[in-house]
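Just so you know, residue 1 is the first one in the sequence shown, and it goes up from there. As the structure lists them, so they are numbered: ligands from 1, and atoms in each ligand from 1.
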Amino acid sequence: MTANLFTPYKLNDTLTLSNKILMAPLTRCMADNDLVPTQQIADYYARRAEAGLIISEATIIRADGQGYPNTPGLFTPAQIDGWRVVTDAVHKKGGKIFAQLWHTGRVAHPHFFGGGDVLSASAQAVEGTVPRMRELVYQTPKAATLEDIKQLVNDYAQAAANAIDAGFDGVEIHGANGYLIDQFLHHDSNRRDDEYGQTPENMSRFALEVVDAVIARIGADRTGLRVSPGAYFNMAGDSRDRAVFDYLLPELSKRHLAFLHAGIFDDSMQFDYLGGSVSAYMRSVYTGTLVGVGSYSAETGSAAIEANKFDLLAIGRPFIANPDYVAKVRDGVELVPYAESMLAELI
Ligand code: FNR
Ligand code: 8K6
């Protein structure tokens, strides 16, 4: 019933995955106070090495990208060394792992980086407070200047180079879930009137500059991207966003990325302005390898792949509850159900 998940998948000439199950990126807030991954984190990922590909928890590209406590970074030598322990542990078990590169933009909080500006596309705050630190209220960001944008693009590319230095097999650029890159892609957060705003081409510019800079540093074969055409987290939807993704996704198709990954918690959600689910919309405008995700079981995900709705299946919460998710599915062993209380510990 799930046999199609257990055949290899060739991403490109550089990378072939041993099965079609990806571990979705899962923030765990367990790095040390220098944002260095610990030995416990290495052990946690190594236990999941049977996944066709692990995508790491979101990892900040620079200090002002931080929006949650103890999220790891990839911008200091100690962080790179810490990640090397993780990637070695995964490789020793025969696994593959990409780093998810993250800047939270307006969801960042100066509490985490000693004060200073919170950067976004425009000075449009997101309402609310930081999860797990509810006393921290989100601030009104500063609209990134052209100089800021240039530096950010460089910093994504440098973090990608650092990821390869740390032994990662590639990177997934985090362009989803209402964080910095996504903030340029939606009208709710992007009110710019310069070459980064207003039109689909302009609103896609920052995302494409980051993608192109990362490709130039590490190659398209090692570069993936996650996007959220349907706004659902840290973002309000706007029917005009559709035209932005109608422009962006064909542009991305031309770049021959390793994959494009949907950013959604439940792929049964229907978006009026996308004409259906996020994955169905992405499939209709993107021609490369598509990773589906969002409240799938192995059975429903396998059926979706069989129906050609996407090519690879990412699994999030069930992987938190079941380090041996892949073996359990293959052997037909019952899964432990996920519970939010499991976030307290790295099993
Ligand atoms: C997430 N998700 C997420 N997404 C992402 O792009 N980067 C991240 O760091 C995180 N972190 C994260 C932490 C936790 C605790 C949860 C529950 C989710 C979203 C995740 O990758 C995935 O898209 C969703 O969990 C939906 O898939 P499942 O869980 O239904 O298989
Ligand atoms: C990416 C950073 C994540 C930090 C921890 C997030 C924990 C998320 C727990 C699940 C929350 C689900 C929110 C989904 C919103 C859907 C709205 C329709």
What do you reckon, does [X] have a nitrogen or oxygen under 3.5 Å from a nitrogen or oxygen of ligand 1?
X: Ala314; result: no
X: Tyr338; result: no
X: Glu57; result: no

Out of all atoms in ligand 1, which are within 4.0 Å of some heavy atom of [X]? Include the element for each.
X: Gln100; value: 5 (C), 6 (O), 7 (N), 8 (C), 9 (O)
X: Ile315; value: 31 (O)
X: Val293; value: 23 (O), 27 (O)
X: Ala24; value: 21 (O)

Kindly identify the option in Thr71, Val291, Ile320, Leu26 whose heavy atom sits closest to atom 16 (C) of ligand 1. Leu26

Closest heavy-atom approach to atom 1 (C) of ligand 1 among Ala262, Ser295, Pro25 is made by Pro25

With sequence neighbours left out, what residues match Thr14 under side-chain hydrogen bond (donor to acceptor under 3.5 Å, both in side chains)? Asp221

Please confirm whether the ring centroid of Phe319 lies under 6.0 Å from the ring centroid of Tyr325. yes

Ring centres under 6.0 Å, that's the criterion: do Trp102 and Tyr68 meet it? yes

With Asp155 as reference, evaluate Lys150, Arg62, Arg217 under the salt bridge (charged side-chain N to carboxylate O under 4.0 Å, His left out) test and give the passing residue. Arg62

